[in-house]
Structure formats: C-alpha cells, structure tokens
2 protein chains.
Amino acid sequence: MRLLIARCRVDYAGRLAAVLPEAVRLILIKADGSVCVHADDRAYKPLNWMNPPCTLREEAGPAGERILRVDSPRGEGLTITVSEVLHDSSHDLGVEPGSTKDGVEAELQRLLAEQPEVLGAGLRLIRREHPTAIGPVDLLLRDAVGVVAVEVKRHAGIDGVEQLTRYLELLNRDPILAPVRGVLAAQQVRPQARTLAGERGIACIVVDYAALRDADEPGDRLF
Amino acid sequence: MRLLIARCRVDYAGRLAAVLPEAVRLILIKADGSVCVHADDRAYKPLNWMNPPCTLREEAGPAGERILRVDSPRGEGLTITVSEVLHDSSHDLGVEPGSTKDGVEAELQRLLAEQPEVLGAGLRLIRREHPTAIGPVDLLLRDAVGVVAVEVKRHAGIDGVEQLTRYLELLNRDPILAPVRGVLAAQQVRPQARTLAGERGIACIVVDYAALRDADEPGDRLF
DNA sequence: CCGTAAATGTCGTCG
DNA sequence: CGACGACGTTTACGG
C-alpha cells in the first residue's frame with residue numbers, strides 16, 4: 001500500500017465525467033492496483049476512485065509534473081496530475097484475515113420464525129423463505145382465519161410494501177392459499193411505507209430486535 | 001488527516017456486530033473526526049469505519065497497548081486495539097474545493113427537457129419536476145393525443161416502474177390531465193423493469209446520453 | 001432534523 | 001457473465 005499526500009488535480013472519465021480542481025488530498029494506491037483519492041472528511045466515500053481490475057502508469061507531464069494514469073478494461077480512466085508531493089510512503093500490510101459479521105436482517109427473520117405470535121395472536125409458522133416464481137416469501141404463517149405472508153425488513157420503505165404486494169398478488173392467485181393477508185414486519189417503518197401499506201390493507205408491525213433476542217436467549221441479558 | 005499503519009484488532013458494535021482479527025491495516029483519521037480502517041485491497045470500501053459525527057478517545061489497554069475508541073451519538077462504537085505501530089503521520093490538507101460531475105440523472109433530465117421529441121414525435125415540454133403530493137414528476141409532456149409523464153433514470157429497475165406507476169395513478173385522478181400516459185426513459189432498462197412496465201402499459205425508451213449531449217452542443221464532438 | 005431519492009453506488013448470490 | 005437485492009449502504013437535497 002502506497003500513501004501519497006499531494007497537491008493534485010483529478011479527472012475521471014467513464015460512467016460519468018468528474019473533475020476535481022487542484023488541492024491537497026490523500027492518494028491511496030493499494031496492492032491490487034486500485035486507487036482512491038480522499039479528502040479530509042467523509043470517512044466512507046472517496047472523492048474519486050478506480051476499482052480493480054485496473055492498471056497504473058506513472059508519466060511525466062509537459063511541465064515536469066507527475067501524472068498518474070489509471071485505466072480499467074471497462075473503458076474508464078482516472079488521471080491524477082500531481083503538482084506537489086508532501087508525503088510518499090509504501091507499506092507491506094500482509095494478508096487480511098477478513099471479518100466475521102453478525103447480520104441483523106437474517107437474524108430478525110430467524111427470531112420471528114421462532115416467535116411468530118409476536119406478529120399476531122394464534123399465528124404459527126408454515127415455512128421460512130417460501131419459494132415463489134418471483135422470489136421467496138420471508139415467512140408464511142397461518143392462524144384460524146387463514147394464511148399470512150410476512151415481509152421482514154430492518155427498515156421498511158415503500159419498496160418493501162411493493163415487494164410484499166407483488167407476493168400477495170401471486171399467492172392470492174392460488175385458490176388453495178387464498179385469501180392471503182400481508183404483514184410488513186420491521187424495526188422501523190417509514191411513514192410513506194405505512195401509508196401505502198394502509199391503502200393496500202397490509203399491516204405494519206414494528207418489532208423490537210433486542211426483546212426478540214432476549215426472549216430467544218434469556219441468559220444474554222445477564223452479561 | 002492522520003495516517004496510521006498498525007497491527008490491530010477492530011471491533012464494531014452498532015447496526016451489526018463485526019470483528020476483525022489482528023492484522024496490519026491502514027487507519028485513517030480525518031479532520032471531521034471520522035475514522036476508517038482499510039486493507040490493501042478494494043479501493044472503495046473500508047473494512048470498518050465510523051461516520052461523523054463521532055468522538056475519538058485514545059486509551060491505554062491493560063497490557064500497555066493503545067486503544068482507539070470511536071463512539072457515535074447513534075449508539076454505535078468502534079474499538080481499535082493497536083498492538084504495533086508501523087507508521088504514524090499527520091497532514092494538513094486544507095479545504096476541499098469539491099468536484100463537478102457531468103452525466104448524472106439531473107443532466108439527463110435537462111437534456112430530455114430540451115429535446116422531448118426524442119421520447120416521441122410531436123411531444124412538447126409542459127414542465128420539469130412537476131410537483132405532486134407524493135413527489136415531483138421528472139418531466140410532464142404533451143402531444144396531440146394528451147399528457148405524458150416521464151420518469152428519468154440512468155439505470156431503470158423495478159423501483160422506477162413503481163415510482164412512475166404511483167405518479168400515474170395520482171395524475172389520472174385529475175380529470176383535467178387524464179388520461180396521462182407513462183414513459184420510463186433511461187440509459188439502461190433492466191429486463192424485470194421492462195416486463196413490469198409492459199404489463200402496466202408504460203413505454204420504456206432507452207436514451208443515448210452521448211447523442212443527446214452532442215445534439216445539445218454539436219461543437220463538442222470536434223474536440 | 002426527518003424523509004426521500006440518487007449513486008461512477010459496491011458487494012454477494014444465484015441462475 | 002448478467003440480473004437482482006441487500007447494504008452498518010452513504011450522500012445530497014427539500015420540507
């Protein structure tokens with residue numbers, strides 16, 4: 001990994017065209033050839049970048065300035081014109097062991113599958129990830145009245161309502177299942193989603209992740 | 001901006017839980033307090049990060065190791081346990097002038113507003129960003145037959161069709177405008193979106209950004 | 001400050 | 001390899 005702090009101008013041409021006027025920035029050149037240009041704010045997003053695979057060439061400009069030219073086989077090009085180098089160092093980082101992540105949405109679905117009564121009294125699980133032609137329904141439940149299709153989301157927006165609506169349309173064409181009711185279960189439901197769901201007779205249920213997890217493994221709260 | 005190359009372990013607890021086992025990584029501490037941890041690959045995405053606003057504290061661990069503790073008011077926490085520092089430097093980058101981008105959706109909308117006939121013979125512009133209760137319609141056009149609502153996207157997916165469908169439902173409730181036809185104009189239309197649009201009588205038009213720009217400023221192609 | 005839509009989104013997964 | 005959906009999406013913009 002090479003770290004460059006330099007006064008530079010940056011030109012990107014590819015999926016769009018972007019220009020960064022001259023200023024001091026961090027230029028990060030990674031072992032896989034990828035390059036990104038960072039300002040002194042916004043942790044996550046670089047000002048400009050080039051994803052691997054790409055090739056890096058270093059040239060001398062007409063006025064003696066250094067030009068870094070990064071090209072990708074996709075026809076994208078990033079040109080960094082360096083007028084002043086304030087820092088330049090290289091480092092060997094070795095292998096990255098990778099991270100282990102404990103996802104929330106999958107966990108939420110698992111917990112709701114084990115505690116379906118949270119979504120309504122008398123509800124029992126038929127199956128998780130019920131397959132349909134247009135994709136799997138997160139949870140399929142039933143009670144004395146009939147079948148319920150559940151869409152599980154961490155943050156439910158309009159797209160979640162639309163998704164569930166498409167599933168319900170399809171499921172309700174099956175005379176054995178119909179009528180199927182819809183439930184949108186999420187940690188947070190956006191107002192627009194709540195309104196649209198209301199118009200379509202879909203219930204919105206806000207679920208408490210911590211409470212579900214505590215109910216699943218009561219011992220955890222002791223630590 | 002502070003650059004740290006260090007052997008470290010990273011723990012994130014917040015919207016999910018993630019652990020990075022000990023390895024050598026780049027730790028980037030920016031002027032706005034944000035922190036991100038990068039491996040030697042993947043230009044764009046940090047292994048772990050904390051967005052502003054957040055606060056950074058530096059502590060000494062039980063075995064004398066340095067611990068960077070980053071906390072956000074949203075209840076997220078990032079803990080970096082440093083066992084060995086290989087590089088440590090700070091740099092003043094000054095102000096970032098910001099970038100100018102060309103070729104984003106707004107640009108596409110502007111060009112289509114100036115050349116509506118691209119979307120259909122005889123079409124003329126009524127207005128851009130036509131306001132409705134559920135948000136602005138990108139373009140409202142008319143021809144001899146009636147009114148056309150246009151949703152402009154760079155890449156049109158199902159959500160674009162849904163968005164336009166909502167607008168059409170609303171516009172068609174207005175007896176003065178109705179009947180309003182729908183057009184989805186995009187540089188790329190996903191198959192699923194094309195199918196759904198077809199079912200709903202919405203036309204999909206693939207637009208050529210370069211051609212639109214050339215027609216807008218013919219001189220450009222000479223350079 | 002909240003809500004909404006765009007993004008050079010990026011990243012995994014599955015057909 | 002392409003389509004599709006999730007993401008600790010992040011980021012910008014408007015009420």
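All values derive from a computational prediction rather than experimental measurement. Letters A, B, ... are given to chains in the order of the sequence lines, protein chains preceding strands, and every chain is numbered from 1.
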Whichever of A:Y44 and A:I158 has its nearest DNA chain C nucleotide further upstream toward 5': A:I158
Is the phosphate of D:dT10 approached by B:K45 (side-chain N or O, under 4.0 Å from OP1 or OP2)? no
For B:L47 and C:dT10, give me the distance from atom CG to atom C1', rounded to whole Å. 14 Å
Interatomic distance, B:L47 atom CG to B:R42 atom CZ [nearest 0.5 angstrom]: 5.5 Å
Can you check the B:E129 CD to C:dT4 P distance for me, whole Å? 17 Å
Out of C:dC11, D:dT10, C:dA6, minimum distance to the side chain of B:W49 belongs to D:dT10
Hey, does A:N51 reach any base, or is it just sugar-phosphate, or nothing, if we go heavy atoms under 4.0 Å? sugar-phosphate
What's the shortest heavy-atom distance between A:A193 and A:A156, and which atoms? CB-O, 3.7 Å
Separation of D:dG5 P from A:R166 CZ (nearest whole Å): 7 Å
Contact under 4.0 Å: B:R15 side-chain N or O vs D:dA6 OP1/OP2: no
Taking atom C1' of C:dT8 as reference, at what distance in whole Å does atom CG of A:D71 sit? 15 Å
Using whole Å, what does the distance between atom C1' of nucleotide C:dT8 and atom CZ of A:R42 come to? 15 Å
With heavy atoms under 4.0 Å as the rule, sort B:K101 into base, sugar-phosphate or nothing. base
For residues B:A113 and B:R128, report the shortest heavy-atom separation together with the two atoms involved. CB-CD, 3.4 Å
How long is the line joining CD of B:E105 and C1' of C:dA5, in whole Å? 8 Å
Provide the closest heavy-atom pair for A:P116 versus A:E114 in the form atom of the first, atom of the second, distance. CD-C, 3.3 Å
Rounded to whole angstrom units, what separation is found between the OH atom of A:Y167 and the P atom of D:dC4? 13 Å
Result for 5'-nearest mapping on DNA chain C, choosing between B:P136 and A:L16, is B:P136
Write down the distance separating the C1' atoms in D:dG8 and C:dC14, rounded off to the nearest Å. 24 Å
B:Q192 near the nucleic acid: base, sugar-phosphate alone, or nothing, with a heavy-atom cut-off under 4.0 Å? sugar-phosphate
Minimum heavy-atom distance between A:A149 and A:L168, given as atom pair plus value: CB-CD2, 4.0 Å
Against the side chain of B:V104, the closest entry in C:dA6, C:dA7, D:dA3 is C:dA7
Using a cut-off of strictly less than 4.0 Å, decide whether A:Q163 has a side-chain nitrogen or oxygen near OP1 or OP2 of D:dG5. no
Touch class at under 4.0 angstrom, heavy-atom based, for A:N48 against every strand present: base
Within the structure, does a side-chain N or O atom of B:R190 lie under 4.0 Å from either OP1 or OP2 of D:dG5? no
Which value, rounded to the nearest 0.5 Å, describes the distance between A:M1 atom CE and A:K30 atom NZ? 5.0 Å
How would you label the contact of A:Y12 with the nucleic acid (heavy atoms, under 4.0 Å): base, sugar-phosphate, or nothing? base
In Watson-Crick or G-U wobble terms, with both distances under 3.5 Å, the base opposite D:dG8 is none
P gap between C:dC11 and D:dT11, integer Å: 15 Å
Quickly work out the B:Q188 CD to C:dA6 C1' distance and round it to whole Å. 16 Å
